[in-house]
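Notes for the one structure printed next.
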Amino acid sequence: MQELKVSKLADQLIGSEIIKLSGEVNKLIGQGEKIFNLTIGDFNPNYFPIPDELKAEILKAYQSNITNYPAANGVIELRNAVSAFQKRRAGVTYTSDEILISGGARPIIYSVYATLVDPNDTVVFAVPSWNNNHYTYLNQAKSVVIEGKPENNFMPSAVDIKPYVKEATLIALCSPQNPTGTVFTKEGLEEICDLILAENHRRDEQTKPLYLLFDEIYWELMMDGVEHYNPVKLRPEMKNYTIFVDGISKSLSATGIRVGWGMGPEKVISKMKSLLTHVGAWAPKAEQIATANFLLNENAYDQFISEQRSKINLRLNGLYKGLKSLHTKGLNIDVIAPQGAIYLTIKLDLIGKMTPQGERLSNMKEVFEYILNQAKIALVPFYAFGTNHDLPWFRLSVGTLALEDIDKIIANLEEALEKLS
């Protein structure tokens, strides 16, 4: 039989490393093992349900037969609600024509790349980060990859970016960052904004501007005492060059509801809308109407976010303190203090260690497997987010974590690490 051929783009597309790792985890779970699966950037609805008021609005919308096509750029009710929401909560002003609704945040990210980046254009992003490498590849662009450093909480700086601004079309940033759960400082983000503005002042009118994709899908989930900074609020002129990625997936535990939005210059948003019209990546109309009504219910929204942050903070702080205690005991583990999102950044410096079975751990995949099999804990190595395979750092997600499991997780890790020699 003749071998089936596909396009070069599809043939050379790299699959998700996270999905590969999840296969091993799910295999053990399917065999009846108790695994603390901390790999998933999602929420257990039993611990993190969507708001009751949002659920009621969704049911009401379906009962009212709101089941036909939405407007291509999102229903006006939701675009107006997002506009009011952003002004109230974030302090930035966007009209309904500067807002695009989609089925979650991913179509927005894809459409930003497809709208702004031509083949062989340069995209600058740091690693670890989520999927920038894949979106760059899908648009046949060139990647400039900045290796994040633990001393900077893996957040890129203006100094890191500066050598590449003259050749770049797009800089892709995320804060709070997936996978690290860390954020930009005010000064750090200001310096990057000033760099982008200076470069755009240098370019003539015939040259494509240098744009900023700013993914802030986790911005409402900050740790106590940590502030989220917005590039347009810091530098108003950045509104000409910034496209935001946002939505309800993380802030409202609504990963399955699929309502996201982008905000940016009207011309860019209009072209993104045209592109998504051909993809059909719309959020369902009922969910759009429901989300609009919930965002305008200020008391319900504010109360839910306060409770959501509290539940996440409890889990992140509980694990952070437990992991720090293991570090204090001299075990080969460290952790960066959480700042936002639902993630912890953990260091397991175990390459070269000998297991109880007399096998030497020689790479991060083997470290992952050792922790999975010995501690019954599943984490995501940073190489799944674009770093080199030797980096001894992992993402831990608390969205599916029961509070009562924290002590057991710390005890399991301690026992597994003590077995190594």
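Side-chain contact between Phe36 and Lys408 is present, with at least one heavy-atom pair separated by less than 4.5 Å. Residues Cys174 and Phe214 are not in side-chain contact: their nearest non-hydrogen atoms beyond the backbone lie 4.5 Å or more apart. In this structure the side chain of Leu276 reaches within 4.5 angstrom of the side chain of Ser102, judged on heavy atoms. Residues Ile58 and Lys55 form no side-chain contact, since every pair of their non-hydrogen atoms from C-beta on lies 4.5 Å or further apart. In this structure, Thr169 and Thr122 have side chains that are not in contact, with every pair of non-hydrogen atoms separated by 4.5 Å or more. The closest side-chain heavy-atom distance from His228 to Val183 is not below 4.5 Å. By the 4.5 Å heavy-atom criterion applied to side chains, Ser96 and Ser83 are not counted as neighbours. Side chains of Leu331 and Glu414 form a contact here, defined as non-hydrogen atoms less than 4.5 Å apart.
Listed for the Asn313 side chain is a donor-acceptor partner under 3.5 Å among the backbone atoms of Asp224. Without hydrogens or angle criteria, Thr328 side chain to Lys324 main chain gives a donor-acceptor distance under 3.5 Å. At distances below 3.5 Å, not a single donor-acceptor pair connects side-chain atoms of Gln339 with backbone N or O atoms of Val226. Under the 3.5 Å distance criterion, the side-chain polar atoms of Thr345 are matched with a main-chain donor or acceptor of Thr180. With hydrogens and angles disregarded, a donor-acceptor distance shorter than 3.5 Å links the side chain of Ser111 to the backbone of Ile108. Within the 3.5 Å criterion, the main-chain N or O of Leu210 finds a donor-acceptor partner in the side chain of Asn200. Within the 3.5 Å criterion, the main-chain N or O of Lys273 finds a donor-acceptor partner in the side chain of Thr277. The backbone N or O of Tyr383 lies less than 3.5 Å from no partner atom in the side chain of His389, so there is not a single donor-acceptor pair. Judged by distance alone, with hydrogens and angles left aside, the side-chain atoms of Asn388 form a donor-acceptor pair with the main-chain N or O of Leu391 at under 3.5 Å. Glu216 places no side-chain N or O within 3.5 Å of a backbone atom of Val245 that could act as its donor or acceptor partner.
How far CG of Asp334 is from CG of Asp349: 10.0 Å, rounded to the nearest 0.5 Å.
Here the closest heavy-atom approach between residue Arg235 and residue Leu197 is recorded as CB-CD1, 4.1 Å. A pairwise comparison of heavy atoms in Tyr211 and Asn240 identifies CE2-O, 4.2 Å as the closest pair. In terms of heavy atoms, Leu326 sits closest to Ile410 at CD1-O, 3.9 Å. Residues Met364 and Asp390 share a closest heavy-atom pair of CG-C, 4.0 Å. Residues Val123 and Ala141 share a closest heavy-atom pair of CG2-CB, 4.1 Å. In terms of heavy-atom proximity, Ile336 sits nearest to Pro150 at CD1-O, 4.2 Å.
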>> With ring pair (Phe, Tyr, Trp, His ring centres under 6.0 Å) as the criterion, how do Phe368 and Phe394 come out once you've worked through the C-alpha distance, each side chain's angles and the decisive distance to 0.1 Å?
In response: CA-CA 9 Å; Phe368 162 83; Phe394 291 77; 7.4 Å; no
>> Using side-chain hydrogen bond (donor to acceptor under 3.5 Å, both in side chains), reason through Glu287 and Tyr62 one step at a time and then give a plain yes or no.
In response: CA-CA 9 Å; Glu287 277 81 345; Tyr62 278 110; 2.8 Å; yes
> Asn131 and Arg106: side-chain hydrogen bond (donor to acceptor under 3.5 Å, both in side chains), yes or no, with the steps?
Replying inline: CA-CA 10 Å; Asn131 266 21; Arg106 294 181 194 221; over 6 Å; no
>> Could you go through Asn293 and Glu57, starting from their C-alpha distance and side-chain angles, then the distance that decides it, and tell me whether this counts as side-chain hydrogen bond (donor to acceptor under 3.5 Å, both in side chains)?
In response: CA-CA 7 Å; Asn293 291 337; Glu57 291 287 354; 3.1 Å; yes
>> Is there a side-chain hydrogen bond (donor to acceptor under 3.5 Å, both in side chains) between Gln308 and Ser251? Walk through the geometry before answering.
In response: CA-CA 8 Å; Gln308 183 87 325; Ser251 58; over 6 Å; no
> What's the verdict on side-chain contact (heavy atoms from CB on, under 4.5 Å) for Leu413 and Leu323, showing C-alpha distance, side-chain angles and the deciding distance?
Replying inline: CA-CA 9 Å; Leu413 262 177; Leu323 294 168; 3.5 Å; yes
> Stepwise, does the salt bridge (Lys or Arg N to Asp or Glu O under 4.0 Å) test hold for Lys239 with Glu98?
Replying inline: CA-CA 10 Å; Lys239 189 174 182 182; Glu98 296 171 315; 3.7 Å; yes
> Hey, mind stepping through Phe184 and Leu173 against side-chain contact (heavy atoms from CB on, under 4.5 Å) and telling me if it holds?
Replying inline: CA-CA 10 Å; Phe184 284 109; Leu173 303 178; 3.9 Å; yes
>> Between Gln86 and Asp246, is the side-chain contact (heavy atoms from CB on, under 4.5 Å) condition met? List the steps.
In response: CA-CA 10 Å; Gln86 288 291 334; Asp246 201 356; 3.3 Å; yes
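Here Asn37 pairs with Thr39 under the side chain to side chain donor-acceptor pair (under 3.5 Å) rule; sequence neighbours left out. Taking the side chain to side chain contact (heavy atoms under 4.5 Å, CB included) definition, one finds that Lys376 meets it with Glu33, Ile35, Asn412, sequence neighbours left out. With sequence neighbours left out, Glu366 forms a side chain to side chain donor-acceptor pair (under 3.5 Å) with Ser362. A search for side chain to side chain contact (heavy atoms under 4.5 Å, CB included) contacts involving Lys149 returns Glu151, Asn152, Asp160, not counting sequence neighbours.
For Glu307 and Lys311, the salt-bridge test fails: no basic side-chain N is under 4.0 Å from an acidic carboxylate O. The pair Arg309-Glu220 meets the salt-bridge criterion, since a charged nitrogen lies less than 4.0 angstrom from a carboxylate oxygen. Of the charged side-chain nitrogens involved, at least one lies within less than 4.0 Å of a carboxylate oxygen, so that Asp302 and Arg88 count as a salt-bridged pair. The existence of a salt bridge linking Lys166 and Glu199 is excluded, since no basic side-chain nitrogen approaches an acidic carboxylate oxygen closer than 4.0 Å. We find that Lys5 and Asp11 are not joined by a salt bridge, their nearest charged nitrogen and carboxylate oxygen being 4.0 Å or further apart. A salt bridge is absent between Asp121 and Lys142: the closest approach of a Lys/Arg side-chain nitrogen to an acidic carboxylate oxygen does not fall below 4.0 angstrom. Between Lys365 and Glu24 a salt bridge is recorded (basic side-chain N to carboxylate O distance below 4.0 Å).
Annotation: ring pair (Phe, Tyr, Trp, His ring centres under 6.0 Å) contacts involving residues 95-130, sequence neighbours excluded, comprise Tyr113-Tyr135. Annotation: ring pair (Phe, Tyr, Trp, His ring centres under 6.0 Å) contacts involving residues 148-176, sequence neighbours excluded, comprise Phe154-Phe382, Phe154-Trp393.
In this structure, Arg315 satisfies the cation-pi test against Tyr47, with its NZ or CZ atom closer than 6.0 Å to the six-membered ring centre and inside 45 degrees of the ring normal.
No hydrogens or angles considered: nothing links the side chains of Asn133 and Thr136 as a donor-acceptor pair under 3.5 Å.
Few gaps surround CG on Asn68; more than 12 heavy atoms of other groups in view lie less than 6.0 Å from it. Within 6.0 Å of the NZ atom in Lys271, the count of heavy atoms belonging to other residues, nucleotides or ligands does not exceed 12.
Using cut-offs of 30° and 60° for the angle between ring planes, the Trp282 and Tyr69 rings count as perpendicular. Ring orientation note: the planes of Tyr94 and Phe244 are nearly perpendicular, at an angle over 60° on the 30°/60° scale.
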